[in-house]
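Some notes on the structure that comes next.
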Amino acid sequence: MRYLLMFAAALACAQDRRVAITIDDLPVAQSGPDACEPTALMEATKKLLTHFKGLPLTAFVIGRNCPDLTLEQRKAALGLWMEAGAEMGNHSYAHRDYNSMPAAEYAADIERGDASLKQSTGLARIRYFRSPMLHTGRTKQDKQHLERFLAANGWQQAPVTFDNSDWLFANVYAHALRTGDKALAKRVRDGYVPYMESVVAFFEKRAVEVVGRDIPHVLLFHSNHLNRDLGGELVKMFRRRGYRFITLEEALRDDAYRLPDEYAGTGGFSWIHRWSRTKGMPNKGEPGEPKWVLDKFEEISRR
């Protein structure tokens, strides 16, 4: 068994697996009603960033998240990310759904998010935008409108290959912490990384089926208390699978990210699925979250 594990590790390294870490919903998301309190926010952000010290990060900000922060408090919170070397990206101002609003109104929200982010960071230019919920146009016309708008303003859509439901686990975890349910919190912690690894394993294989080879991947997860506590375990999981960490810019240099993406619809999912649909390949869905997590989330949402 020891030799098999050594062989598997050597094989993973030989594949030169690469992943870019991208983190959404800054300053913080899905972490309970007190998460935006300035002192708590700063401490949670510092703890989250310790897990990724020295690793390339791209962090996407929602302009109106934590609306009660003063400008100086927002600058301080986002400044922690910049001090850690993260490139800052625009995740819109209000995190609205492109599926349910006019294209011009959506574009205005992107512009407002850009202005807010520049004000909060002092940056002169923001390169990357990521569509909330990964919704990029329910019709071909809407999709093309967004693509032209981003290109005209020098913004690049930030794709995702390792898409997942970390937000769902995070909601349940925040509830467990808020209510003092230690057993539930432990169950979430015990189940989270194995779930994430199952998603990674699926998309590794699916990328080879769709693209014909391994590709540098882009991981999406969120700035929340679950990743504050378990981010280090995520890093260990990727390292165990033979990954090295790269910038989003480096990942997007790969020709895979210039494959045709003709998907238009209401879904928001991995670019690997978009490429496979464009090629006319049969759909294959990634592993779902455990039923108990979904059931608990729905129970909490009904309250």
Side-chain angles (χ1 to χ4, degrees), residues 12 15-24 52 55-61 85-92 98 110 114 125-138 140 142-164 166 196 199-222 238 241-265 267-286:
Q15 291 175 306
D16 187 28
R17 288 175 166 170
R18 292 165 288 162
V19 63
I21 299 174
T22 68
I23 307 174
D24 282 10
F52 306 97
L55 302 183
L57 303 173
T58 306
F60 289 88
V61 181
E87 178 163 2
M88 309 306 284
N90 179 4
H91 199 31
S92 81
Y98 190 31
I110 296 173
D114 181 74
R125 181 186 174 220
I126 307 297
R127 289 198 292 174
Y128 297 113
F129 169 75
R130 173 167 286 153
S131 292
M133 287 81 76
L134 303 183
H135 292 167
T136 57
R138 61 185 173 179
K140 184 177 181 180
D142 284 346
K143 177 182 175 67
Q144 292 175 343
H145 186 282
L146 176 59
E147 290 172 347
R148 288 194 296 265
F149 171 75
L150 293 177
N153 285 278
W155 297 318
Q156 183 171 0
Q157 176 75 254
V160 175
T161 58
F162 288 152
D163 187 27
N164 57 80
D166 85 304
M196 292 289 279
V199 171
V200 168
F202 168 83
F203 281 119
E204 287 170 350
K205 181 179 179 181
R206 188 60 173 158
V208 173
E209 294 171 349
V210 174
V211 183
R213 58 179 172 83
D214 290 325
I215 66 171
H217 285 278
V218 180
L219 168 68
L220 161 65
F221 63 89
H222 294 82
F238 276 102
R241 297 186 71 84
Y243 280 87
R244 60 186 177 92
F245 300 95
I246 61 175
T247 63
L248 179 59
E249 179 182 29
E250 182 179 343
L252 298 187
R253 289 188 196 127
D254 192 277
D255 287 341
Y257 292 94
R258 276 161 291 287
L259 286 171
D261 166 20
E262 297 175 2
Y263 173 73
F269 38 67
S270 170
W271 263 246
I272 295 174
H273 290 322
R274 296 165 190 253
W275 299 331
S276 71
R277 286 179 179 229
T278 301
K279 289 186 172 187
M281 300 174 69
N283 289 335
K284 286 187 179 180
E286 66 268 26

Could you tell me whether the side chain of F129 reaches within less than 4.5 Å of the side chain of N153, counting heavy atoms only? no
Look up atom CG in L219 and atom OG1 in T161, then write down how far apart they are to the nearest 0.5 Å. 8.0 Å
Is the shortest heavy-atom distance from the side chain of V210 to the side chain of M281 under 4.5 Å? yes
Is any side-chain N of the basic residue among R130 and D24 closer than 4.0 Å to the acidic one's carboxylate O? yes
For the atom pair CG (L150) and NE2 (H145), what is the distance rounded to the nearest 0.5 Å? 10.5 Å
Any chance you could lay out the salt bridge (Lys or Arg N to Asp or Glu O under 4.0 Å) test for R213 and D254, step after step, and finish with the verdict? CA-CA 11 Å; R213 58 179 172 83; D254 192 277; 2.7 Å; yes
Give a yes or no on whether a salt bridge exists between R206 and E286, defined as a side-chain N under 4.0 angstrom from a carboxylate O. no
Measuring centre to centre across the rings, with the benzene-like ring taken for any Trp, is W275 within less than 6.0 Å of Y263? no
Under 4.5 Å between any side-chain heavy atoms of Y243 and E204, yes or no? yes
Working for side-chain contact (heavy atoms from CB on, under 4.5 Å), residues I246 and V19: CA-CA 6 Å; I246 61 175; V19 63; 6.0 Å; no
Would you compute the distance between atom NE2 of H91 and atom NE2 of H222 and round it to the nearest 0.5 angstrom? 5.5 Å
State, to 0.1 Å, how close I215 and V211 come at their nearest heavy-atom pair, and which atoms those are. CG2-CG1, 3.8 Å
Taking everything shown except K140 itself, do over 12 heavy atoms lie less than 6.0 Å from its NZ? no
Q156 side chain near R127 side chain, heavy-atom distance below 4.5 Å: no
Can you tell me if S131 uses its side chain to pair, donor with acceptor, with the backbone of T136 under 3.5 Å? no
Are any non-hydrogen side-chain atoms of F245 and L57 less than 4.5 angstrom apart? no
Return the orientation label for the H273 and F202 ring planes: parallel under 30°, perpendicular over 60°, tilted otherwise. tilted
Do the charged groups of R274 and E262 touch, with an N to O distance under 4.0 Å? no
Looking at D261 and R277, is there a salt bridge between them, counting it only when a charged N and a carboxylate O are closer than 4.0 Å? no
So, do H217 and F162 have ring centers that fall under 6.0 Å from each other? yes
For residues F149 and Y98, establish whether the separation of their ring centroids is below 6.0 Å. no
State plainly whether the residues R244 and D16 are in salt-bridge range, i.e. N to O under 4.0 Å. yes
Under 4.5 Å between any side-chain heavy atoms of F60 and L220, yes or no? no
pair Q157-L134: side-chain heavy atoms closer than 4.5 Å: no
Could you check if a side-chain atom of D163 sits within less than 4.5 angstrom of a side-chain atom of W271, using non-hydrogen atoms only? no
Residue pair Y128, N90: steps toward the side-chain contact (heavy atoms from CB on, under 4.5 Å) verdict: CA-CA 6 Å; Y128 297 113; N90 179 4; over 6 Å; no
